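Just follow the structure's listing: the first ligand is 1, and inside any ligand the first atom is 1. Computed from a predicted model, the values in this text were never measured in an experiment.
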Amino acid sequence: MLDELFYRIFESLPRQGPGDPGSTRRALSLLPGLADDLAILDLGCGSGAQTLDLAWVTRGTILAVDNHQPFLDMLAARMAVEGLAGRVKVMNADLGQLNLPSRSFDLVWCEGAAFVLGFAESISSWKGFLKPGGCMAMSELAWLTDTPPQEARDYMDQVYPAITGMEGNLEIIRSLGGEDLGHFVLPEAAWWDAYYTPMEMRLSAFAEKYRDDGKAMELIRHLQQEIEMYRKYPDAYGYVFYVAQFA
Ligand SMILES: C[S@@+](CC[C@H](N)C(=O)[O-])C[C@H]1O[C@@H](n2cnc3c(N)ncnc32)[C@H](O)[C@@H]1O
């Protein structure tokens with residue numbers, strides 16, 4: 001029931017994590033050059049907000065992977081409507097157990113899903129899918145200040161203790177053989193426009209509906225608290241896009 005409510009909320013959102021088309025394009029612009037037949041692996045694609053942007057801006061093919069089938073069905077339907085189905089395929093798989101040929105992609109893309117394995121583990125597991133000289137573009141949560149407020153620290157200790165600073169993530173990239181091609185902080189609007197604002201509207205409606213259901217209210221309050229924390233501390237933490245090339 002709780003899973004059902006969780007997915008009901010997330011399936012109804014334009015995207016399932018912070019991001020926006022401008023940031024996707026900006027990350028793409030940091031790549032050394034886009035071949036015509038670019039093969040992209042989009043990991044943790046969700047319902048495919050960034051997959052669609054990648055499909056419009058690049059040429060070649062995209063394999064979009066997630067383990068929640070309804071997201072993949074939404075993505076596939078959308079690609080069909082947009083006439084992109086020939087270039088975009090979906091695959092239901094676990095990010096930690098991808099059965100894909102090594103050295104077969106020019107670009108591994110991951111918006112907001114590296115937390116599933118952890119930033120370092122994601123890079124180590126996925127870089128083998130890149131052709132030599134291929135690139136990885138990933139967005140990941142990071143502290144934006146050396147002195148985050150205590151309340152934000154306490155919150156992250158509970159929800160994402162692995163969070164580190166931008167420099168810490170760049171060090172991880174370098175230690176795993178990546179060359180930093182550029183990185184930038186996603187704008188605050190990338191959290192609000194297609195993610196927290198629509199989520200907040202749904203949460204208020206569901207709070208009415210489920211007010212007598214303790215478990216549902218716990219989930220709703222947890223998500224509301226997440227939004228409140230970001231509203232309070234947008235300068236303390238954020239999503240950072242990292243683009244790196246691997247030999
Ligand atoms: C924060 S969402 C990001 C979705 C999308 N990239 C976006 O920015 O809208 C994380 C995604 O990872 C997927 N996911 C979580 N754990 C996974 C796993 N073990 N294997 C595959 N996908 C997973 C979720 O279903 C979800 O779609």
Any idea how Phe119 and Tyr242 line up, ring-wise: parallel (<30°), tilted (30 to 60°), or perpendicular (>60°)? tilted

Using the rule that Ile, Leu, Val, Met, Phe, Trp and Tyr join whenever any side-chain heavy atoms are under 4.5 Å apart, tell me whether Met201 and Phe10 fall into a single cluster. no

Test salt bridge (charged side-chain N to carboxylate O under 4.0 Å, His left out) on Arg221 and Glu228 and set out the steps. CA-CA 10 Å; Arg221 291 211 185 91; Glu228 276 322 305; over 6 Å; no

Enumerate the protein residues lying less than 4.0 Å from ligand 1, judged by heavy-atom distances, in chain and residue-number order. Arg15, Gln16, Gly17, Gly44, Cys45, Gly46, Gln50, Asp66, Asn67, His68, Phe71, Ala93, Asp94, Leu95, Glu111, Gly112, Ala113, Val116

Any residue meeting ring-ring contact (aromatic ring centres under 6.0 Å, His included) with Tyr7, in chain and number order, not counting sequence neighbours: His68

Can a salt bridge be assigned to the pair Glu208 and Arg211 using a cut-off of 4.0 Å between side-chain N and carboxylate O? yes

Take Leu13 and Ser47 through the test side chain to side chain contact (heavy atoms under 4.5 Å, CB included) and record every step on the way to the result. CA-CA 9 Å; Leu13 302 176; Ser47 61; over 6 Å; no

